[in-house]
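Since the structure comes first, as structure tokens, the remarks are kept for the end.
Note on naming: letters A, B, ... go to the chains in the order of the sequence lines (proteins, then strands), and numbering restarts at 1 for each one.
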Amino acid sequence: MRLRLATWNINSVRLRLPLVTQFLDSLQPDVLCLQEIKCRDAEFPTSELRKRGYVHIATHGQKGYHGVAIVSRLPFHEIRRRDFCAKGDARHISVAFDAGAADASGIVLHNFYVPAGGDEPDVEINPKFGHKLDFLDELALWTAEENIAGERAILVGDLNIAPLETDVWNHKALLKVVSHTPIEVEKFTKVFNSGPWVDAMRRIVGTEEKLYTWWSYRSPNWELADKGRRLDHIWLSKKLAPSLVGMQVLREARGWLRTSDHVPVLVDLDLGQSAAPP
DNA sequence: ATGGTTGGGGTCCAA
């Protein structure tokens, strides 16, 4: 069984619903994880997505800011929503695919929207940066305690950190820019090492190659200047990693009319292979 | 070094 999974920071799902449906129609993912839906659960465009076959929908929304959702053709259960840092922020949702999802059964999927962290990488003058670091600390502890990378697990989302030198357009220029500072990369790495995770994107595109998923709205000529960062990630547990058969960053989506500043990232898994011995 | 754009909700905050 093939499973196509996508993640996309949509930056207002209601405003960009036509782009979401265009994306679903053309790329045909089985599961789409969204971040920054920027609406309450009741305002999520559930009926429009159900009409297109994505009948299984779980949301963790709030008014105006943040918010995550999982939109799926495959049935799931055990929907969980954790309030990291106990601020009432909607930044996490997870589901487990059930028996009706055939070979996807037993896979737990976590969808995150990590705080952006504000402009100044200094906790003394910028509480938002402190919040981001605290969020990562709590995430590392929790992922280890809960063993969320256990057996068959996937972690996706806008993690708002570009960890590698080739994840940003200019490593040196961005060392003091929030998203690429050493302290953030250190904490990001701790989260990654809290479980047996594999970076699916870098399994397909080598670390010597530049790879971005986000281009600022503030930079004109995004395509020509190409001042991007890889802020969005897909991690597979070691057990699932052998099933990875494809990955794409849908760079063209950044050129769509009135689009998000993030583009979708997709992976293809051949779950028939995941049962094979190592 | 600076300033640039977008979205939501409401006359500014977050990204």
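- Look at CD1 on A:Ile10: it is 12 Å from C1' on B:dG7, rounded to the nearest Å.
- Looking at the side chain of A:Lys128, the nearest of the listed nucleotides B:dG7, B:dG9, B:dA14 is B:dA14.
- Between A:Gln35 atom CD and B:dA15 atom P the separation is 14 Å, expressed in whole Å.
- Between A:Arg16 and the phosphate of B:dG7, there is a side-chain N or O to OP1/OP2 separation shorter than 4.0 Å.
- B:dG10 and B:dA14 have their P atoms separated by 14 Å, given to the nearest Å.
- B:dT6 atom C1' lies 10 Å from atom CD of A:Glu36, rounded to whole Å.
- For the OP1/OP2 pair of B:dG9 and a distance below 4.0 Å, the side-chain nitrogens and oxygens of A:Arg14 include at least one atom meeting the criterion.
- Regarding A:Asp119, its CG atom lies at a distance of 13 Å from the C1' atom of B:dT5, rounded to whole Å.
- Comparing atom distances between the A:Tyr65 side chain and each of B:dT6, B:dA15, B:dA14 picks out B:dA14 as nearest.
- There is no side-chain donor-acceptor pair under 3.5 Å between A:His92 and A:Arg82.
- Both A:Pro220 and A:Glu43 lie near DNA chain B, and the one whose nearest nucleotide falls closer to the 5' end is A:Pro220.
- In terms of position on DNA chain B, the residue among A:Asp158 and A:Tyr217 whose nearest nucleotide sits closer to the 5' end is A:Tyr217.
- Ionic pairing of A:Asp226 and A:Arg254 is not present here: no N-O contact between side-chain nitrogen and carboxylate oxygen is shorter than 4.0 angstrom.
- Taking the six-membered ring where the residue is Trp, A:His110 and A:Phe112 present parallel rings, their angle staying beneath 30° rather than reaching 60°.
- For B:dT2 and B:dT6, the P atoms lie 23 Å apart once the distance is rounded to whole Å.
- Between B:dG3 and B:dA15, the distance separating the two C1' atoms is 15 Å to the nearest Å.
- Side-chain atoms of A:Thr21 come within 3.5 Å of backbone N or O of A:Pro18 as a donor-acceptor pair.
- Residue-level contact check: A:Arg40 touches neither bases nor backbone, having no heavy atom under 4.0 Å from any strand.
- Distance, A:Trp214 CH2 to B:dG4 C1': 11 Å, rounded to whole Å.
- In this structure, A:Arg91 reaches the sugar-phosphate backbone alone: every heavy-atom distance under 4.0 Å involves primed, P, OP1 or OP2 atoms, never a base.
- Between A:Phe188 and A:Trp235, the ring center distance clears the sub-6.0 Å criterion.
- For A:His66, the side-chain atoms get nearest to B:dA14 when compared with the rest of B:dA14, B:dT5, B:dG7.
- When rounded to the nearest whole Å, the span between CG of A:Leu174 and P of B:dT2 equals 17 Å.
- Taking only side-chain atoms of A:Lys63, from C-beta outward, the nucleotide of B:dG9, B:dT5, B:dG7 with the closest atom is B:dG9.
- What separates CD1 of A:Ile37 from P of B:dG9 is a distance of 12 Å, to the nearest Å.
- As a whole-Å value, the separation of A:Asp89 CG from B:dC13 C1' is 13 Å.
- In this structure, A:Phe192 has its ring center no closer than 6.0 Å to that of A:His233.
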